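Some notes on the structure that comes next.
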There are 2 protein chains.
Amino acid sequence: MPERRPRKDAARNREAVLAAADALFVRCESPEDVTMADIAAAAGVGKGTLFRAFGDRAGLLRALYEARLEPIRQAVEVGPPPLGPATPPRDRVPALLDAVLCFKLDNRRLALALEEGGSSSPYRAEHYGRWHSLLRAVLEQVPGLTDSDFTAHALLAATRADLVEHLAGEERIPRERMRSQLANFVTSVLASGPPQGLTAEE
Amino acid sequence: MPERRPRKDAARNREAVLAAADALFVRCESPEDVTMADIAAAAGVGKGTLFRAFGDRAGLLRALYEARLEPIRQAVEVGPPPLGPATPPRDRVPALLDAVLCFKLDNRRLALALEEGGSSSPYRAEHYGRWHSLLRAVLEQVPGLTDSDFTAHALLAATRADLVEHLAGEERIPRERMRSQLANFVTSVLASGPPQGLTAEE
DNA sequence: GTCAAAACGGACCCAGGGTCCGGATTCTAT
DNA sequence: ATAGAATCCGGACCCTGGGTCCGTTTTGAC
């Protein structure tokens, strides 16, 4: 099956919708007061178009999220340390979580809209699955650390969009402070367990 | 102001609604397919009654939640160790989080409905505020532990209703295993920092 | 028993996600 | 270039579910 590519206008409209949605989410107070009709209007497009292109609200949000996430995904999969695969586990774990935190700080409303969007739990999203299994795998390589699966969940939970929003918005905690607090937290989780040998173990 | 007490029928109906809602939430698959109309019908009451008594959906959920939470609240505020105030901080922290976890396991659907209920973030709920400031205060008494505020948030995040639901439902992790994993996690967070002297410090 | 205050309940309203289909656009083949 | 089919457009329309309103009923104080 040749998988014929979409028509030109379809592609153009798809981009217009993504751009419009992004802009609206940045400007809005809360994600739920940007409606599908709003997005369609802002993109100069009919509602039908928007639903045909993305299926439903969640689909649109996902598409936006994935697009924004792409650079980080690259950096994690094939980039240089401290995010890339060549990093020693004890350094990579904090780096990964810091990246997630920064991403959510930079895309607060969007992340909020997607994670707490209602209907299905954020834990079913495949992007969560990716972060979790990656983190889990890296944690597994940290000597003396058990329960990597749960630990990965728990660490990621510390970067939940609504928590980040609360800390940044309500408690007015500055970005750098939040990053360092998360780093400390992660470190303390990693630090426990058997003596994490200094430099020379034998 | 005498604050005259409610009429008999009002009180009776209020109880009926709470009971009906509780029953429905236990039976349902997802909290969002138990509608306000359903609850009213199940309680043998009109929708108006239900809204007059609780204000809105969130109000009803909150009322239910608080009611279920009451025993634990008592145990924490005036009960014996390990939950009560007489417990040494290092022991009380895990106990508190274990209590939260167990509560969410026992009231999965309800907690889900309230925390991810939509509109306003769970971090604005006053019951969250209570848990957080208590935990924060206890953490503050653990020597060598910094960032109690953030740490309290991060630890509580590990017991978020939808995470618990995911672990118990999707990943089929048994209760006791989850409790011990959480306990390990908490311990590792507490363990770091300065030497937590054995028994004799001087 | 009487009467005002309080509560009842279901018809009603409305926003917002999602669907539908007649008409406009784009691609392909000749 | 152009006919014709495939695809897409867009906004009128539907439907669910939270929340409101008000005529009627219940309660309880005197």
Side-chain angles (χ1 to χ4, degrees), chain A residues 1-21 24-25 28-64 109-110 112-114 116-120, chain B residues 1-21 24-25 28-64 109-110 112-114 116-120:
Chain A
M1 52 196 70
E3 183 73 18
R4 68 205 310 154
R5 49 194 220 171
R7 257 167 52 172
K8 204 167 22 177
D9 54 349
R12 178 173 43 74
N13 281 337
R14 185 187 169 88
E15 292 313 309
V17 167
L18 284 176
L24 286 181
F25 277 119
C28 74
E29 197 63 29
S30 159
E32 62 206 35
D33 47 45
V34 44
T35 164
M36 294 302 267
D38 290 344
I39 298 177
V45 137
K47 267 176 66 176
T49 301
L50 177 157
F51 279 98
R52 195 166 336 96
F54 299 99
D56 58 7
R57 183 173 232 262
L60 169 51
L61 276 302
R62 263 198 313 267
L64 248 184
R109 304 288 146 63
L110 175 58
L112 250 185
L114 186 57
E116 328 299 325
S119 33
S120 79
Chain B
M1 52 197 71
E3 183 74 17
R4 65 205 318 153
R5 47 185 226 184
R7 256 167 52 170
K8 204 168 23 180
D9 53 350
R12 177 173 41 75
N13 280 336
R14 186 186 169 90
E15 292 313 309
V17 167
L18 284 175
L24 286 181
F25 277 119
C28 74
E29 197 63 31
S30 160
E32 61 205 35
D33 48 44
V34 46
T35 165
M36 293 303 266
D38 290 343
I39 298 177
V45 136
K47 265 176 67 175
T49 301
L50 176 158
F51 279 97
R52 193 166 338 96
F54 300 98
D56 58 7
R57 182 172 233 263
L60 169 51
L61 276 302
R62 264 198 311 269
L64 247 183
R109 303 288 146 63
L110 175 57
L112 249 184
L114 186 57
E116 328 299 325
S119 36
S120 79

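Any value given below was found using the heavy atoms of this structure, including those in side chains, with hydrogens, waters and symmetry copies removed. Residue numbers begin at 1 in each chain, while the letters A, B, ... track the order of the sequences. All values reported here derive from a predicted model rather than from experimental measurement.
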Report yes if a donor N or O on one partner sits less than 3.5 Å from an acceptor N or O on the other, where the partners are the side chain of B/R52 and the base of D/dG19; otherwise report no.
no

Regarding the side chain of B/K47, the nearest nucleotide among D/dC9, D/dT20, C/dG17 is D/dT20

Rounded distance (Å) that lies between atom C1' of C/dT19 and atom CZ of A/F54:
18 Å

Expressed as a whole number of angstroms, how long is the span from B/L50:CG to D/dG18:P?
10 Å

Closest approach of A/R109 to A/P31 (non-hydrogen atoms, all atoms of both residues):
O-CG, 3.7 Å

Over how many whole Å does the gap from B/I39 atom CD1 to D/dG17 atom P extend?
12 Å

Quick one: is B/T35 getting a side-chain N or O under 4.0 Å of the D/dG18 phosphate, OP1 or OP2?
yes

Provide, to the nearest angstrom, the distance between the CZ atom belonging to A/F51 and the C1' atom belonging to D/dA12.
14 Å

Is any side-chain N or O of B/R7 under 3.5 Å from a base N or O of C/dA6, one able to act as donor and the other as acceptor?
yes

Can you tell which of D/dG10, C/dG17, D/dG18 lies closest to the side chain of A/V45?
D/dG10

Report the distance from atom CG of B/L61 to atom P of D/dG19, rounded to the nearest whole Å.
11 Å

Go through the steps for A/F54 and A/L18 under the test side chain to side chain contact (heavy atoms under 4.5 Å, CB included), then give the verdict.
CA-CA 10 Å; A/F54 299 99; A/L18 284 176; 3.9 Å; yes

Do B/F25 and B/L61 come close enough that some side-chain heavy atom pair is under 4.5 Å?
yes

Specify the residue among A/G48 and A/V34 whose closest nucleotide of DNA chain C lies further upstream toward the 5′ end.
A/V34

Atom pair distance, as rounded to whole Å: CE in A/M36 and P in D/dG11
16 Å

Using whole Å, what does the distance between atom P of nucleotide C/dT25 and atom CG of A/N13 come to?
12 Å

Taking atom C1' of C/dA15 as reference, at what distance in whole Å does atom CD of A/E32 sit?
13 Å

So which atom in A/L50 and which in A/M36 form the shortest heavy-atom distance, rounded to 0.1 Å?
CD2-CE, 3.3 Å

NA contact type, A/K8, heavy-atom cut-off 4.0 Å: base, sugar-phosphate, or nothing?
sugar-phosphate

Mind checking B/T49 for me? I need base, sugar-phosphate or nothing, with any heavy atom below 4.0 Å counting as a touch.
base

Closest nucleotide among C/dG18, D/dG19, D/dT26 to the B/D9 side chain:
D/dT26

Measure the CG-CD1 distance between A/L60 and A/I39 for me, rounded to the nearest 0.5 Å.
5.0 Å

